[in-house]
**Student:** 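There's a structure below that I have some questions on.
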Protein chains: 2
Amino acid sequence: MTDTLVKILDSAERDVRSKGFHAVSFRDIAAELGIKSASVHYHFPKKEDLGLALIARYSDRVFDALESKSDKTHTPKEHIDAMVDVYRSALAESDRICLCGMLGAESAGLPATMADAVAEFFNKNVDWLVERLPEQVAIEERKARASNIVSTLQGSMMMANSLGDHSFFDQAVSQISAG
Amino acid sequence: MTDTLVKILDSAERDVRSKGFHAVSFRDIAAELGIKSASVHYHFPKKEDLGLALIARYSDRVFDALESKSDKTHTPKEHIDAMVDVYRSALAESDRICLCGMLGAESAGLPATMADAVAEFFNKNVDWLVERLPEQVAIEERKARASNIVSTLQGSMMMANSLGDHSFFDQAVSQISAG
DNA sequence: GTCTATAATTTGATAGAC
DNA sequence: GTCTATCAAATTATAGAC
């Protein structure tokens with residue numbers, strides 16, 4: 001059976017991804033698991049500890065999925081498609097936006113350690129793409145294309161969520177060029 | 001001199017756009033103006049009232065700026081550039097993301113009236129572009145392009161904010177095609 | 001319109017029993 | 001590891017004086 005720590009992270013991730021970090025309380029999380037808030041504090045003494053654990057786990061999951069989906073692929077187009085699929089799945093499976101999309105918006109109101117971890121997630125996303133875009137394209141152009149793609153994925157997730165229409169995501173990302 | 005109501009809206013907008021709706025309190029806003037929270041409640045009895053007023057004012061400002069910037073322009077490219085400029089100015093002048101970008105992320109944790117107003121803002125943004133893209137392009141394709149552009153603007157604002165680098169926005173939106 | 005005062009609730013967090 | 005109990009602070013919101 002799943003242990004409490006994982007259940008706490010699962011519940012907290014759901015809550016943060018739908019309402020934001022400040023709108024989620026230890027009591028909310030505890031109540032969802034049928035335990036007390038003091039038990040949540042046992043696993044994560046400070047809210048910041050919980051936030052950092054959420055970001056670390058989420059980032060690992062995204063990059064594991066990226067490696068897995070692009071395992072046997074080689075072309076830039078296939079790598080772009082892999083990232084689009086990872087984001088699409090994140091939206092479809094949870095009906096929620098990206099954890100770091102939420103925290104990136106709230107950035108200025110978060111502990112600096114969390115804001116830094118979120119920024120690192122974004123940099124890693126862009127870098128992952130830059131390394132897989134066509135070599136013959138100038139590095140500055142590759143950076144621009146990668147920045148554009150990750151921005152589009154983040155923005156379309158947020159808007160699809162707000163509009164209550166997942167097809168908005170597909171519509172918006174359909175315009176991402178093969179580069 | 002500016003009256004209190006406008007000062008409240010200005011202060012609240014700054015706070016919500018940097019930390020999120022739930023992270024902002026009536027006391028925060030009052031303290032910034034050197035008044036008491038009860039005085040803020042006089043102008044906006046419920047927090048929801050304040051939120052709705054913020055969205056209405058922000059939306060009006062954006063569409064006024066769009067009309068103004070695209071006043072004497074005619075081509076689709078000029079209209080796209082106008083919208084990019086409006087978003088760039090919103091980021092540059094405030095060092096903050098779009099109010100509705102923040103609230104769209106927090107959507108599920110907001111009063112339904114606010115979530116609906118935010119969704120309407122996004123729909124109006126997309127529609128504004130759809131009406132200005134080339135007529136000869138099929139309507140579905142125009143919708144996809146418009147959705148892509150607004151998504152990219154929202155996403156790149158959020159990421160530029162998280163990364164503390166406004167040039168990220170310029171890099172990402174430089175890829176928006178003239179269509 | 002702004003204030004003081006306060007109610008009712010929620011929050012992050014801790015001490016200590018089991 | 002989970003609980004009860006509790007705290008200090010913060011939150012939305014209201015009543016009523018000025």
**Student:** Output the rounded distance in Å from CD (A:E48) to C1' (C:dA13).
**Tutor:**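 Rounded to whole Å, this separation is 14 Å.
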**Student:** Could you tell me how far apart B:Y42 (OH) and C:dT4 (P) are, to the nearest whole angstrom?
**Tutor:**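 The distance from OH of B:Y42 to P of C:dT4 comes to 17 Å, rounded to the nearest Å.
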**Student:** Can a side chain N or O of A:K47 be found less than 4.0 Å away from OP1 or OP2 on C:dT11?
**Tutor:**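 Answer no for this pair, as no side-chain N or O of A:K47 is under 4.0 Å from OP1 or OP2.
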**Student:** Tell me, please, the opening and closing nucleotides of DNA chain D, 5' to 3', among those with an atom under 4.0 angstrom from a non-hydrogen atom of chain A.
**Tutor:**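 Counting from the 5' end, contacts occupy D:dG1 to D:dT6.
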**Student:** According to a hydrophobic-cluster definition based on side-chain heavy atoms being under 4.5 Å apart (Ile, Leu, Val, Met, Phe, Trp, Tyr only), do B:I55 and B:L5 belong together?
**Tutor:**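 Both belong to a single hydrophobic cluster.
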**Student:** Check A:R132 with A:E78, please: is the shortest side-chain N to carboxylate O separation under 4.0 Å?
**Tutor:**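 Judged by the 4.0 Å cut-off on N to carboxylate O distance, A:E78 and A:R132 do not form a salt bridge.
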**Student:** Tell me the bend of the helix from C:dG1-D:dC18 to C:dC18-D:dG1 as the angle between end helix axes, each from five pairs, rounded to the nearest 10 degrees.
**Tutor:**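 Here the helix ends are tilted 10° relative to one another.
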**Student:** So if you build clusters from Ile, Leu, Val, Met, Phe, Trp, Tyr with side-chain heavy-atom gaps below 4.5 Å, do B:L33 and B:L54 land together?
**Tutor:**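 Per the 4.5 Å side-chain linkage, B:L33 and B:L54 are co-clustered.
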**Student:** Can you list the residues that meet the salt bridge (charged side-chain N to carboxylate O under 4.0 Å, His left out) rule with B:D116, with sequence neighbours excluded?
**Tutor:**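 B:D116 satisfies salt bridge (charged side-chain N to carboxylate O under 4.0 Å, His left out) with no other residue.
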**Student:** What's the CD1-P distance between A:I29 and C:dT10, to the nearest Å?
**Tutor:**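 Roughly 16 Å, once rounded to whole Å.
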**Student:** When hydrophobic residues are tied together by side-chain contacts of less than 4.5 Å, even through go-betweens, does B:Y42 share a cluster with B:I29?
**Tutor:**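 Unlinked, B:Y42 and B:I29 end up in two clusters.
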**Student:** Check for me whether A:K124 meets the cation-pi criterion with A:F63, that is, NZ or CZ under 6.0 Å from the six-membered ring centre and within 45 degrees of the ring axis.
**Tutor:**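 Checked: cation-pi criterion met.
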**Student:** Taking atom P of C:dG12 as reference, at what distance in whole Å does atom CG of A:D15 sit?
**Tutor:**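 Going from CG in A:D15 over to P in C:dG12 covers 12 Å.
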**Student:** Specify the separation, in whole Å, of atom NZ of A:K46 and atom C1' of C:dT14.
**Tutor:**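 It works out to 9 Å between those atoms.
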**Student:** Rounded to whole angstrom units, what separation is found between the NZ atom of A:K19 and the C1' atom of C:dT10?
**Tutor:**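 That distance rounds to 13 Å.
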**Student:** Report the distance from atom CG of A:D28 to atom C1' of C:dT9, rounded to the nearest whole Å.
**Tutor:**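 One finds 13 Å between C1' of C:dT9 and CG of A:D28, rounded.
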**Student:** Which part of the nucleic acid does A:V40 contact within heavy-atom distance under 4.0 Å: base, sugar-phosphate only, or nothing?
**Tutor:**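 No contact at all - A:V40 keeps every heavy atom at 4.0 Å or more from the nucleic acid.
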